[in-house]
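Since the structure comes first, as structure tokens, the remarks are kept for the end.
Below, chain A is the first sequence line, B the second, and so on; all start at residue 1. Quick caveat: nothing in here was measured; it's all calculated off a predicted structure.
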Amino acid sequence: MSSTLLLIQLLNGIQLGVLLFLIAAGLTLVFGVMGFINLAHGVQYMIGAYLTVWFYGMTGHFGAALLLALLAALALALFLEFAVFRHLYDRDHLDQVLATFGVILFLNQAVKVIWGPTPLVISPPEFLAGTFRLTENLNYSIWRIAIIMIGFTVAGLLWFLVTKTRIGMLVRAGATNAGMVGALGVNIRRLFMIVFGFGAMLAGFAGSIAAPIYSVEPGMGDGLLITAFVVIVIGGIGSIRGTFIAALLVGLVDTLGRSTITDILKLFLEPSAANQIGPALASMAIYILMAAVLFFRPEGLFPAQGRRA
Amino acid sequence: KDTLKVGMIVTLSGPPGALGNQARDGFQLALEEMGGKLGGMETEFILEDDELKADVAQSKARSLVEREEVDFVVGTIFSNMLAAIYKPVIQSGAFLISPNAGPSTFAGKNCHENFFVTSYQNNQNFEVLGKIATDKEYRKVFMLAPNYQAGKDAMAGFKQNYKGEIADEIFTPLGHKDFSAEIARIADAEADALFIFMPGGMGVRFVKQFRASGLADKMAFLSAFTVDETTLPAQKDDAVGMNGATNWAPDLDNEQTAAFTAAFEEKYGYIPGGYAMQAYDSAKLIDSAVTKAGGVGDKDAVRAALEAADFTSLRGDFSFNNNHYPVQDFYLLEVVKRDDGKYHTSIVEKVFDDYADSYADACKL
Amino acid sequence: MSVLLATHGLCKSFGALTVTDDVSLELRTGECHALIGPNGAGKTSFVNQLSGLLAPDSGRIEFLGQDITNSSPAARANAGLARTFQITSIIPTMTLFENVALAAQARCGSSYRFFRPVHKDRQINALAGEALERIALTSRNDKLARTLSHGEKRALELAMAIAQKPRALLLDEPMAGIGSDESGQLTDTLLMLKQDYPLLLIEHDMDAVFKVADRVSVLVYGRIIASGTPDEIRANREARTAYLGDET
Amino acid sequence: MRAAAPALVAFMFLAAMPLLAEFWGGSYVTGLIMRAMILAIAALSLDLLIGTCGLVSFGHAAFLGIGAYTAGIAITEGTTDLATILGITIGISVLFALVTGAISLRTHGVTFIMITLAFGQMLFFTFSALSEYGGDDGLTLWERAYAYGLFEFEHGLFYTIFGLLVAIWLLLDRLRQSRFGRVLLAAKENSTRMETLGYGVFGYRLTAYVIAGVIAGIAGALTANEAEFVSPALSAWQRSGDLIIVVVLGGVGRRSGPVLGALAFVVLEEGLSSLTHDWRLIFGPLLIFIVLFAKGGLASLFERRQA
Amino acid sequence: MTLLTVENLHAGYSSAQILFGVGFTVAEGEVVTLLGRNGMGKTTTVRAILGLTPPSAGSVRFAGQDVMGWPPHTIARLGIGLVPEGRQIFPTLTVEENLIATSNRRLNDRWTLPAIYRFFPRLQERRSFSGAQLSGGEQQMLAIGRALMTNPRLLILDEATEGLAPLVRAEIWERLAALKAEGEAIIVIDKNLDALTSLADRHIMLAKGRVVWTGNSEELKQDSSVIDRYLHV
Ligand SMILES: Nc1ncnc2c1ncn2[C@@H]1O[C@H](COP(=O)(O)OP(=O)(O)OP(=O)(O)O)[C@@H](O)[C@H]1O
Ligand SMILES: Nc1ncnc2c1ncn2[C@@H]1O[C@H](COP(=O)(O)OP(=O)(O)OP(=O)(O)O)[C@@H](O)[C@H]1O
Ligand SMILES: [Mg+2]
Ligand SMILES: [Mg+2]
């Protein structure tokens with residue numbers, strides 16, 4: 001493999017990692033910090049993407065579409081919080097699983113009914129739409145570089161928010177003992193609502209910026225949700241730093257795994273056998289990574305301090 | 001018995017639902033044109049969604065044959081769904097007509113007298129592409145397909161007629177999102193042509209990313225099920241000029257196709273693709289058979305009439321092989337933009353005349 | 001009097017913090033050995049090492065002549081070493097009686113029995129009933145443990161340990177949370193218990209300690225700074241400045 | 001007894017099902033009910049993990065796949081004897097459960113969920129790579145296993161599945177109230193305390209995990225025989241997710257829960273999807289509604305009414 | 001001036017009613033104890049005042065407001081600081097975060113981080129430990145510190161000296177006396193009768209969810225039959 005190829009794979013891996021981070025960050029906030037399992041988080045990613053496409057169609061301006069989509073995604077999240085989720089905070093995790101699964105079913109279907117089953121596509125904003133020449137044969141998209149930079153910025157901000165501000169502390173406190181936070185004079189419900197909306201908005205944001213690279217289609221968030229769970233578990237639930245590192249790790253392992261495992265197998269296996277086993281192994285790579293990490297560090301790479309059970 | 005019951009099982013849910021929608025619309029158009037009657041009999045049409053889940057498909061199939069007691073089941077779009085419904089439908093004695101899926105599994109040893117395919121044997125499109133690659137003297141081809149059974153068949157099918165050098169063959173996961181890694185390898189390999197099979201949303205994403213990479217201008221693009229009427233509304237300009245190969249295109253030069261395409265667009269507002277065409281033909285096939293057999297009372301008569309395939313196919317030339325898979329012509333296609341801004345595939349040239357599949361010998365029918 | 005439980009040069013640190021510093025301590029038959037010391041001195045950590053929840057960095061633990069330093073918590077419990085927890089540790093969703101029965105069950109043969117309903121098991125019920133009798137619990141037996149008042153939970157904690165029919169009992173602040181008057185009762189119970197098996201008692205309630213204990217060791221910063229009879233400790237200057245103050 | 005009543009009523013109803021079906025949809029309905037019963041068996045085994053042990057396995061469908069593929073491959077290769085097939089299924093299930101259990105039971109909570117998911121996915125991709133046995137397309141079985149003539153009777157398969165369901169329900173119900181069950185239930189709440197009471201929790205959990213795996217494996221073998229078709233999708237994470245949904249829908253850890261959950265899941269899905277292709281627009285909110293207004297799942301509805 | 005008025009309070013849990021008409025008052029700057037044997041309803045009374053266990057009947061007035069039916073956090077923000085039974089510190093937060101997270105200086109700012117650390121030097125030593133890593137006694141100090149950091153007008157201590165070493169306990173009684181001198185109102189639940197009698201102005205004896213006796217320390221000492229009857233078995 002040439003060095004440019006390797007460089008491209010690295011960039012791709014990081015870019016995938018960044019997207020995963022944006023989704024996983026919201027998940028780790030809502031689940032790891034607040035203690036609420038929200039399977040509908042992946043749907044929020046999808047909604048972000050659809051809304052962006054929709055508003056783009058109306059305004060013809062990517063920036064405006066992004067902004068409107070974020071606001072709309074936030075509004076939807078707050079509505080869901082109000083109508084469904086807030087009644088489930090002090091329930092069993094499994095109740096949350098069932099209810100949010102219901103939300104997934106509904107929204108996936110609703111999106112299909114509204115926008116149809118065909119994948120939709122959209123272009124990035126004009127000034128970032130171009131490509132730059134990487135090798136004689138290959139151009140690389142500026143938008144992807146932009147995604148990487150956006151992701152790193154958001155990661156920094158989030159880390160500060162969760163670990164350095166009182167809001168972060170209160171949310172973490174509320175996750176273990178909401179009653180006590182209330183008894184000490186803090187409106188934990190409202191706080192949860194804000195965090196929830198924020199997390200959902202992050203997922204929507206990920207959907208918005210992913211829309212120009214991937215296609216927008218019903219159910220696009222389901223698989224990513226599982227990967228996002230893999231990320232937060234590897235990173236250590238509730239840790240923003242861990243999530244960020246794990247997201248990059250998963251992004252890289254997935255990307256590099258796909259491009260190298262089959263080749264490596266071909267070194268000592270029949271090509272046909274390698275073609276048989278390689279892709280299967282590449283699909284398993286992130287799961288193997290997760291199983292290995294959890295085997296040696298059951299709490300993940302960066303367990304949030306003092307977290308029990 | 002004076003009404004005919006036809007059940008259809010296609011995928012309507014999720015992104016692959018676009019394919020099922022075409023099949024549904026194609027069949028219903030035919031039915032409507034014939035005044036709601038097939039073979040002169042008042043026809044009850046029952047539509048089911050397999051949701052691309054084997055157990056759902058099977059349950060729907062059983063509901064059709066056991067509860068509704070339909071005479072014909074038309075389905076499915078995907079091979080794995082066909083595998084799931086095959087046995088219950090066949091066992092019930094109803095006729096199973098596949099408007100799209102044509103797996104090798106049921107073409108050879110496991111063929112059945114009551115099973116008919118109006119599309120093609122799955123490998124054929126790929127074999128056609130292999131022939132094209134050889135004809136055009138591409139020396140080095142890069143191959144890309146998703147890692148599932150149809151993807152593996154695609155690779156094998158292409159290689160059957162292509163004897164040049166293979167730069168590399170890559171399997172991506174099903175539903176793959178980001179092809180940039182693969183595209184980087186394609187760029188690195190410096191091949192003459194790309195052979196690709198990426199159905200549905202994967203194709204949409206790939207074409208877009210491939211176009212952005214600048215590679216589209218540097219190498220030939222030979223595809224199956226990657227740029228077609230279900231994906232073009234999303235791919236738009238990015239796909240223009242890209243090649244595919246199959247048994248039909250909406251601008252095939254014959255009367256019935258011109259009429260069909262116009263009527264279809266008029267009614268549903270989009271351009272029909274192969275899925276719609278094959279479903280339309282399936283309806284016509286049933287119509288011809290029921291007419292000829294004078295009802296569905298005599299199964300053997302109906303079967304013989306089906307085998308005769310006495311109807312005007314949109315493809316023109318059409319007949320069944322001994323295994324009930326079609327013998328038909330195949331074409332090289334290219335994506336074009338129409339004056340009204342819509343996109344469709346267009347016939348470039350005929351590659352095969354009366355092409356039959358390679359499994360028929362093993363079928364004892 | 002023979003030595004039942006002994007540690008030899010036990011050490012444990014959490015990073016830079018040494019919580020057990022070369023502790024050698026013995027528990028003999030028939031005695032109550034009290035371990036007192038300021039908050040955070042390492043008493044609970046010491047008991048955790050004895051019961052196997054925490055692995056010592058170095059040193060040895062012997063019980064009934066066997067080296068149990070590396071045994072699992074369950075193995076130690078089965079050998080007869082029972083304990084209570086300072087921070088109440090019960091099964092909240094089971095009833096008071098079921099909690100005690102669970103402790104008794106561990107003493108009544110294998111629990112790999114899959115078919116007979118356990119609530120009809122006479123042997124277990126008898127043993128649990130016996131343990132409950134020794135601890136006066138005002139609440140009804142079928143009350144869910146979760147709904148007990150704090151003091152009742154503390155008493156339940158002790159009843160469970162007794163139902164284990166231990167050879168030695170490690171008590172981490174049994175008096176905590178027990179009402180002022182019930183404390184007196186509990187002191188009597190402890191006096192009775194120590195006739196059946198030796199007690200290692202951790203307690204901040206000095207009335208109880210001086211009444212029940214035969215021997216007292218003072219733990220400060222993980223180290224035993226004094227050890228002796230209650231009277232000796234009461235008179236010990238170091239113990240007074242580090243822990244007791246003017247009390248007693 | 002109260003809590004078991006809904007299950008017992010359901011069993012009586014199921015026993016009469018082949019008769020009722022005569023007037024009411026025929027073999028299609030019995031087929032549907034057979035699938036519901038197999039789902040109930042799988043759900044019962046998962047509830048042993050979730051409800052009794054507090055271990056949420058997100059890879060339980062792996063065992064369905066094991067059972068189904070064992071049956072599928074055996075029959076394809078010409079071994080049709082039911083006892084042999086079940087024997088192999090049980091053997092492989094035990095082995096797989098021991099290996100994956102020994103690793104995943106070192107963890108708890110979400111980590112356990114995810115690590116079981118990982119094992120499930122590994123198996124899923126393995127099945128998908130079995131090109132000789134259909135790969136992703138799945139494998140059609142051209143005959144059923146030979147059950148000494150049992151399956152040849154009218155409704156023979158139905159009553160075999162029914163009998164297994166009732167037997168497994170009874171066994172697991174007893175297990176829950178036994179010494180063993182009591183230990184598991186308590187360890188779910190407070191495993192540290194159980195350790196200090198003298199219970200090696202790991203061993204108890206591993207045993208339960210193996211039992212659950214074997215039962216799910218049997219359900220898988222039944223699926224293969226009922227559907228005469230197996231596919232890797234049987235062991236995909238979506239299927240494991242469905243199983244969790246069924247358990248929660250019915251009521252976690254409730255005696256009638258898994259049975260009610262499975263029946264409701266199948267019947268609702270079937271009923272709604274025959275109303276409209278967009279049936280999820282109804283089913284989704286219905287699930288939410290059940291969570292919000294029936295704490296403790298469907299089983300709790302009945303319990304409350306009786307109380 | 002009365003700060004807290006509790007009248008005819010009825011409360012309980014879904015399984016059973018626990019309080020049957022509890023009533024008492026706490027004046028500004030007054031120290032009041034709740035006495036009674038285990039399970040008599042002391043903790044439930046405190047929870048009912050704060051709305052944690054919503055009362056079914058009766059009234060609670062605090063600082064001139066009728067707070068019946070208010071959510072706990074709004075009641076607490078009027079100036080009630082709770083040291084709950086069983087500590088209930090936040091295990092995943094560090095010591096310092098535990099103190100800061102819910103701190104409040106709206107009413108006054110007597111209690112700041114340095115002040116707490118002066119009060120409990122031990123906490124300063126452990127400032128970056130997570131709550132779960134603390135010893136039982138250290139957790140108790142943290143729970144007290146956390147309540148003080150809300151700078152309450154009324155401090156409620158539910159068995160706050162449980163698990164504390166005698167020296168620390170003695171110090172806490174001293175500091176409470178000092179707080180009282182500064183005009184802080186306090187409700188104490190504790191088993192240390194001696195310390196309570198020297199600290200408190202008034203004692204309220206609960207039995208089976210009812211107030212069965214009230215009086216000052218003098219009366220309590222003299223009336224030993226009260227102790228016999230309600231505290232002894
Ligand atoms: N969550 C609950 N659900 C049901 N009953 C409860 C609950 N909490 C406490 N109780 C019951 O209420 C009664 C009073 O409990 P409370 O905690 O108020 O007692 P207390 O006076 O504080 O006792 P202690 O001194 O032991 O702390 C007890 O009988 C207890 O069992
Ligand atoms: N897991 C841990 N990690 C780090 N430090 C710990 C851990 N567990 C305990 N410590 C520290 O070790 C010291 C000793 O704790 P331990 O619980 O043994 O004290 P103790 O003597 O029981 O005190 P108390 O009387 O307050 O219960 C404490 O300062 C505590 O903060
Ligand atoms: Mg301690
Ligand atoms: Mg109390």
- request: Specify which of A79(C), S110(C), A101(C), A161(C) makes the most heavy-atom pairs with chain D at under 4.5 Å.
  value: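 That would be S110(C).
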query: If you take all heavy atoms of R193(D) and F85(C), which pair is closest and at what distance?
result: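 Reported closest heavy-atom pair: NH1-CE1, 3.4 Å.
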- prompt: What pair of heavy atoms forms the shortest contact from A74(C) to G200(D), and how long is it?
  reply: CB-N, 3.6 Å
field: Salt bridge E195(D)-R76(C), side-chain N to carboxylate O under 4.0 Å
entry: no
- prompt: What part of I211(D) lies closer than 4.5 angstrom to a heavy atom of chain C: side chain, backbone, both or neither?
  reply: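 Side chain of I211(D) only, per the 4.5 Å heavy-atom cut-off to chain C.
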query: Counting only N and O atoms by type, is there a donor-acceptor contact under 3.5 Å from the side chain of Y199(D) to the main-chain atoms of A106(C)?
result: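 Such a contact is found between Y199(D) side chain and A106(C) backbone.
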query: Does the N190(D) side chain pair with the main chain of I91(C), one donor and one acceptor, at a distance under 3.5 Å?
result: no
Hey, are the side chains of [X] and [Y] touching, using non-hydrogen atoms and a 4.5 Å cut-off?
{"X": "T207(D)", "Y": "F114(C)", "result": "yes"}
{"X": "Q105(C)", "Y": "V183(D)", "result": "yes"}
{"X": "R116(C)", "Y": "R179(D)", "result": "no"}
{"X": "T196(D)", "Y": "L53(C)", "result": "yes"}

- request: Please round to the nearest 0.5 Å and tell me the distance separating atom CG of L102(C) and atom CD of E189(D).
  value: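 Here the interatomic distance stands at 11.5 Å.
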Interface moiety of [X] toward chain D, non-hydrogen atoms closer than 4.5 Å:
{"X": "S111(C)", "answer": "both"}
{"X": "D121(C)", "answer": "side chain"}
{"X": "A103(C)", "answer": "both"}
{"X": "I90(C)", "answer": "backbone"}

message: Can you tell me which of K188(D), M194(D), R182(D) forms the most heavy-atom pairs within a distance under 4.5 Å of chain C?
response: R182(D)
query: Does atom CZ of R146(C) have more than 12 heavy-atom neighbours, drawn from other residues, nucleotides or ligands, at distances under 6.0 Å?
result: no
- request: For atom OH of Y112(C), decide whether the heavy atoms of other residues, nucleotides or ligands shown that lie under 6.0 angstrom number more than 12.
  value: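 For Y112(C), atom OH is crowded (more than 12 foreign heavy atoms under 6.0 Å).
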- request: For the pair Q177(D) and K120(C), evaluate side-chain contact (heavy atoms from CB on, under 4.5 Å) and give the outcome as yes or no after the intermediate values.
  value: CA-CA 10 Å; Q177(D) 303 172 41; K120(C) 288 184 190 152; over 6 Å; no
message: Against the six-membered ring of F180(D), is R113(C) placed for a cation-pi contact (under 6.0 Å from the centre, within 45° of the normal)?
response: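 Because its charged atom misses either the 6.0 Å distance or the 45° angle limit, R113(C) does not stack over F180(D).
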